[in-house]
**Q** 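Next up is a structure, given as C-alpha cells.
If you're wondering where the values come from, they're calculated on a predicted model, not measured in any experiment.
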Amino acid sequence: MTDTDDYRARIDVLRCAERVRSAEFIARLLLMFLGTAVGALLMGLEWLPLWLGVYYAAISLEKLVLWRWQHVNTRGYFFVLIAISAVISTAYAVLPVYLWLHENDALKFGALVLLVGGVLNVFLVRAQVWEISMAYLVPLCATFPVITGSTFEAPTGGPLFYTYAVLSVSVILYICIAVQAANKAHRKFLETERQFFQAQKMEAVGTLAGGIAHDFNNMLGVVQGNLELLQAAEDAEARETFTSEALTACWRGAALTRQLLTLSRNAMLQPRRLDATGTLYQVERLVRRVVPESIGLSVVAEPNLPPVIADETTLQAALLNLAINARDAMPDGGNMRFEARRLNADASRPGWLPAGEFVVLSVADTGEGIPQEIINKIFDPFFSTKPKGRGTGLGLAMVAGFARQSGGHVQAEARRGKGSRLSLYLPARPAEHSAIAEPATEAHSAAHQSAAAS
C-alpha cells in the first residue's frame, strides 16, 4: 500500500463521518440548536447563539475543504484536516468549561452531558484513525484539568480537588486506551477484509483458470477430431468440411482470447472517432442473418448524434453480444429494438456515471426479462444462464470490460415478463474534425459474429 492509498483511507473516514445527510450529523445539529435555544431563552445565556455560530463556522470550513478538494488525498491535505478538526473540537470544548465554571450550579450537568457527548461522537464516527481522533480528544481531555483546577482550595487543595484530579487522570487514561483499542480493532478488521478480498481473488483466478481450461479443451478437441478425420478422409469435399470446422474452432479460441484481454482491460484497442448510428445499423444488418423470422428488428436513433471514440471491431463485437443475448431471451419470438440516444452533460444521470456527455447504445428485447436476483451477476466472468455448451459466460463480461476501458459503462435493466434492456454508455466527442467510421468488412463481421456466439 502506498502512502497516497494510506492517506486516502484515513481521509475517507472523515469524509464519511461528516456527511451532511447522515443521521448522526442531523441529530447532532438538532440537539445543538435545541440546547442553544433552551439555554438562551430559559437560562439567560445570551452568548450561546454567538458560540453556536462560531462552532458551525468551523464545521462549515471543514465541509468546504472536503467538498472543494474531493479527490485530493495527499499527506499535506490530511494534516490540514487534522488542524481543522482540532479547531472544531477546541471551539466545542469551550462550552462545557464555561457551563462548569458558571455561577449557576445547575449548568454543571449540561457541561458533563456535552463532554460525554463529544467523547462518544469520537468513538462512534472518528475512532478509526488515530490522528483524527486525537485532534478531537486532546481539547476535550484538556477540559478535565480545567474543571479540576476550579475545585482547588488554598492552601493545600482540599479533598475534592484531589478526588477530581484522580478521576480526571483516570478518565483521560481510559479514553487513550479505548481509542488505541478501537484503532487496533479497526486495523485488524481492515487486515481481515484485505485477506478476505485476497481469498476472493484467488478463488476468481481458480474459476477463471478452470473455465479457460474447459473451453480451450473443448476447442482443441474439435480441432484434433477434425484433423484426425481429415487424415482419414479421401473425399475432397469432406476434407474441406473438416478443415473448415477446425478453422472455426481456432477462430473461437482467438475470440475467447480477445474476450479475456478485454475483460482484464489489457486488450490492444485502436480507438478512433466513430459514427455511433452507422455502427448500430451495421450491427443490425449482421443480426438479421442470425435471428429467426419470428423476431422483429427495429432501429431508433436520435438525429445528429455526436461521434464516440472507441475501437470499431470491439464495439461491434460488444453490440453483437448484446444482440445475441437478446435473441436467446426470446426463443418463441418477439421484438428486438436497437436504440441510440444522447445523454447531455447537464442531464440527470445515474450516480455511477461520471460527468460529461455520453452516447447511449441500447439493445432491448421483449423476452421474459432478467430475474432481479441475478441481474447484478450477468457481467461476472463465466456466469451464464445458458445450457452447458451454449456459451462461455464471457460475452457480457467482455462488454463490461470494453466499456470500462473506453471510459464508459454498461447497464442492465429488466422487468419480469416485460423484457430487458442492456445499454452501453460511451463518452461523446465534439463533431468537429471527426472521422466517421468506414463500414466493417464482411470478414471482420463474420469474425465478430463468431465471437459473439461464443
Side-chain angles (χ1 to χ4, degrees), residues 215 218 222 241 244-245 248-249 251-252 255-256 259 276-302 313-341 360-375 377-379 382-400 402-403 410-424 439-454:
D215 289 325
N218 291 339
V222 173
T241 300
S244 176
E245 291 293 332
T248 300
W251 277 110
R252 287 180 178 271
L256 178 61
Q259 290 176 338
T277 303
T279 302
L280 200 62
Y281 274 104
Q282 290 175 9
V283 173
E284 186 265 345
R285 287 195 296 269
L286 292 174
V287 172
R288 286 188 181 275
R289 304 175 184 175
V290 295
V291 299
E293 295 182 356
S294 59
I295 296 179
L297 295 178
S298 61
V299 180
V300 178
E302 289 184 3
T313 58
T314 312
L315 174 58
Q316 286 193 3
L319 291 173
L320 276 171
N321 267 303
L322 300 183
I324 296 300
N325 277 277
R327 179 201 65 181
D328 295 341
M330 299 181 290
D332 299 325
N335 292 299
M336 186 187 305
R337 181 185 176 101
F338 294 86
E339 300 175 356
R341 62 184 176 89
V360 187
L361 303 177
S362 303
V363 179
D365 64 71
T366 57
E368 286 299 315
I370 306 171
Q372 291 299 316
E373 57 269 21
I374 68 169
I375 196 169
K377 302 178 181 179
I378 62 173
F379 297 109
F382 297 105
F383 179 84
S384 178
T385 58
K386 297 178 182 180
K388 187 175 181 180
R390 290 283 304 277
T392 62
L394 282 175
L396 293 180
M398 182 275 290
V399 175
F402 163 70
V410 63
Q411 181 190 27
E413 304 170 275
R415 293 178 58 189
R416 194 65 175 172
K418 301 289 186 179
S420 306
R421 180 193 307 274
L422 282 83
S423 301
L424 187 61
T441 63
E442 291 297 323
H444 284 160
S445 300
H448 299 325
Q449 185 173 335
S450 175
S454 67

**Q** State which residues pass side-chain contact (heavy atoms from CB on, under 4.5 Å) with Val299; sequence neighbours excluded, sorted by chain then number.
**A**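 Here the qualifying residues are Leu280, Tyr281, Glu284, Phe338.
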**Q** Is Ser423 reaching over with its side chain to a backbone N or O of Val360, donor-acceptor style, under 3.5 angstrom?
**A** no
**Q** I need the Arg327 CZ to Met336 CE distance, nearest 0.5 Å.
**A**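 Result: 8.0 Å between the selected atoms.
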**Q** If I compare all heavy atoms of Ser420 with all of Gly369, which pair ends up nearest, and what's the gap?
**A** OG-CA, 3.2 Å
**Q** Quick one: closest heavy-atom pair of Ile295 and Gly333, and the distance?
**A** CG1-CA, 4.0 Å
**Q** Go through the structure and list residues passing side-chain contact (heavy atoms from CB on, under 4.5 Å) with Ala329, not counting sequence neighbours.
**A**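 Testing Ala329 for side-chain contact (heavy atoms from CB on, under 4.5 Å), a comparison that skips the adjacent residues, returns Asp365.
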**Q** Among Val283, Val363, Val399, find the one that has a side-chain contact (heavy atoms from CB on, under 4.5 Å) with Leu320.
**A** Val283
**Q** List for me each residue that meets side-chain hydrogen bond (donor to acceptor under 3.5 Å, both in side chains) alongside Thr366, sequence neighbours excluded, and say none if there are none.
**A** none
**Q** Would a 4.5 Å heavy-atom cut-off, applied to side chains only, mark Arg337 and Ser362 as touching?
**A**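 Of all side-chain heavy-atom pairs linking Ser362 with Arg337, none is under 4.5 Å.
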**Q** Could you tell me if the side chain of Leu315 sits less than 4.5 Å from the side chain of Leu361, heavy atoms only?
**A** yes
**Q** Kindly give the heavy-atom pair with the smallest separation between Val287 and Ala323, and that separation in Å.
**A** CG2-CB, 3.5 Å
**Q** My understanding is that only residues two or more places apart in sequence, or in another chain, count here; which of them pass side-chain hydrogen bond (donor to acceptor under 3.5 Å, both in side chains) with Thr277?
**A**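 In terms of side-chain hydrogen bond (donor to acceptor under 3.5 Å, both in side chains), with neighbours along the sequence ignored, Thr277 is linked to no residue.
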**Q** Could Arg341 and Glu339 be called an ion pair, given the rule that one side-chain N must be under 4.0 Å from one carboxylate O?
**A** no
**Q** In chain order, what residues pass the side-chain contact (heavy atoms from CB on, under 4.5 Å) check against Glu368, with sequence neighbours excluded?
**A**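 side-chain contact (heavy atoms from CB on, under 4.5 Å) check on Glu368 returns nothing, list empty.
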